[in-house]
Amino acid sequence: MRGLLTPLARDCEVTMIPSGERVTVPAGTEVRVLQTLGGNVTVQGDYGQLMRIDEKDAEVLGADYLAQKPRSEESQAPADEGAFDEERVWEQLRTVYDPEIPVNIVELGLVYQCKSTPLPEGGHKVEILMTVTAPGCGMGPVLVDDVRQKVQSLSGVKEADVQLVWDPPWDQSRMSDVARLQLGWM
């Protein structure tokens, strides 16, 4: 399935990469699946444009794709039960992927800070400072929303404050050795 041209089964709203613009792509448009990490699907259109199809819409790729679809990491994890655990926050962050780079945002070094604070009424507020690989990337707000949704889905998290920052600017030195290996840079 990956790499083969696949017609979309229905009209589908996608996120254009790297602009972050939301557009509707008509049924029948042929796309090539490039990446299926973190639950979302990165596809390439017939003119080379990159688009992200949200996990909830992946069925537009048809029965062949669904039969081979990898389960997203969050659906493979055990159900969120019990008390708040900051390590679970980091686990969730590792399920968010840059749609152009097959590496999660933690290994890419895009998460600058993750801090949790107990709230007086119970639960925790999680504050995250993160960036993107290039200041002009329109995917920043999309990734921020992904992070917010995934962190807020955890037990004990009452609030997730995710901020996109530009200082310090990201560079390749922030990548982990794991990311460098995944990209063949070691």
Side-chain angles (χ1 to χ4, degrees), residues 1-81 88-108 110-111 126 128 130-134 137-155 157 160 162 164 178-179 181-184:
M1 178 80 206
R2 183 172 286 175
L4 299 175
L5 284 177
T6 304
L8 296 181
R10 63 168 171 78
D11 291 357
C12 180
E13 189 175 29
V14 301
T15 303
M16 299 302 294
I17 303 169
S19 72
E21 177 184 6
R22 298 287 291 176
V23 300
T24 300
V25 178
T29 299
E30 289 191 329
V31 298
R32 186 178 316 275
V33 175
L34 301 178
Q35 177 173 295
T36 58
L37 300 169
N40 300 308
V41 183
T42 299
V43 298
Q44 183 177 39
D46 53 357
Y47 294 107
Q49 70 278 27
L50 296 180
M51 301 170 271
R52 184 180 100 156
I53 297 174
D54 293 337
E55 182 174 25
K56 66 179 178 50
D57 293 319
E59 92 287 344
V60 302
L61 296 169
D64 289 342
Y65 172 75
L66 290 175
Q68 299 177 32
K69 178 183 179 237
R71 290 180 7 200
S72 64
E73 290 85 354
E74 59 273 18
S75 66
Q76 295 175 26
D80 291 328
E81 296 175 5
R88 297 289 313 269
V89 174
W90 284 101
E91 289 172 14
Q92 280 294 71
L93 292 174
R94 286 182 183 93
T95 70
V96 179
Y97 286 80
D98 183 302
E100 296 177 281
I101 306 170
V103 178
N104 72 63
I105 63 171
V106 173
E107 301 302 334
L108 277 175
L110 299 180
V111 179
V126 177
I128 297 169
M130 64 175 288
T131 195
V132 290
T133 57
C137 178
M139 293 303 293
V142 175
L143 291 174
V144 164
D145 191 50
D146 284 354
V147 167
R148 184 178 297 111
Q149 287 180 25
K150 288 187 178 198
V151 170
Q152 281 187 309
S153 73
L154 292 170
S155 287
V157 175
V162 184
L164 194 60
V178 169
L181 277 171
Q182 284 177 305
L183 296 173

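Please read all numbers here as calculations on a predicted model, not as lab measurements.
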So does E91 pair up with R94, basic N to acidic O under 4.0 Å?
no
Kindly compute the distance separating [atom1] ([X]) from [atom2] ([Y]), expressed to the nearest 0.5 Å.
X	Y	atom1	atom2	result
L34	R52	CG	CZ	14.5 Å
T15	D54	OG1	CG	5.5 Å
I101	L37	CD1	CG	12.0 Å
T131	I105	OG1	CD1	11.0 Å
L164	D145	CG	CG	12.0 Å
L154	Q92	CG	CD	4.5 Å

Backbone N/O of [Y] and side chain of [X]: donor-acceptor pair under 3.5 Å:
X	Y	answer
N104	Y97	no
T42	P99	yes
E30	L5	no

If you take all heavy atoms of [X] and [Y], which pair is closest and at what distance?
X	Y	answer
C137	V132	CB-CG2, 4.1 Å
G28	P7	O-CB, 3.8 Å
N40	E55	OD1-N, 3.0 Å
P102	L183	CD-CD2, 4.1 Å
V157	V126	CG2-CG2, 4.1 Å
D57	C12	CB-SG, 3.9 Å

Taking the side chain as every heavy atom from C-beta outward, state whether D98 and V103 have any atom pair closer than 4.5 Å.
no
Between L93 and I128, is there a side-chain heavy-atom distance shorter than 4.5 Å?
yes
Given side chain to side chain contact (heavy atoms under 4.5 Å, CB included), test L61 with L8 step by step and report yes or no.
CA-CA 5 Å; L61 296 169; L8 296 181; 3.9 Å; yes
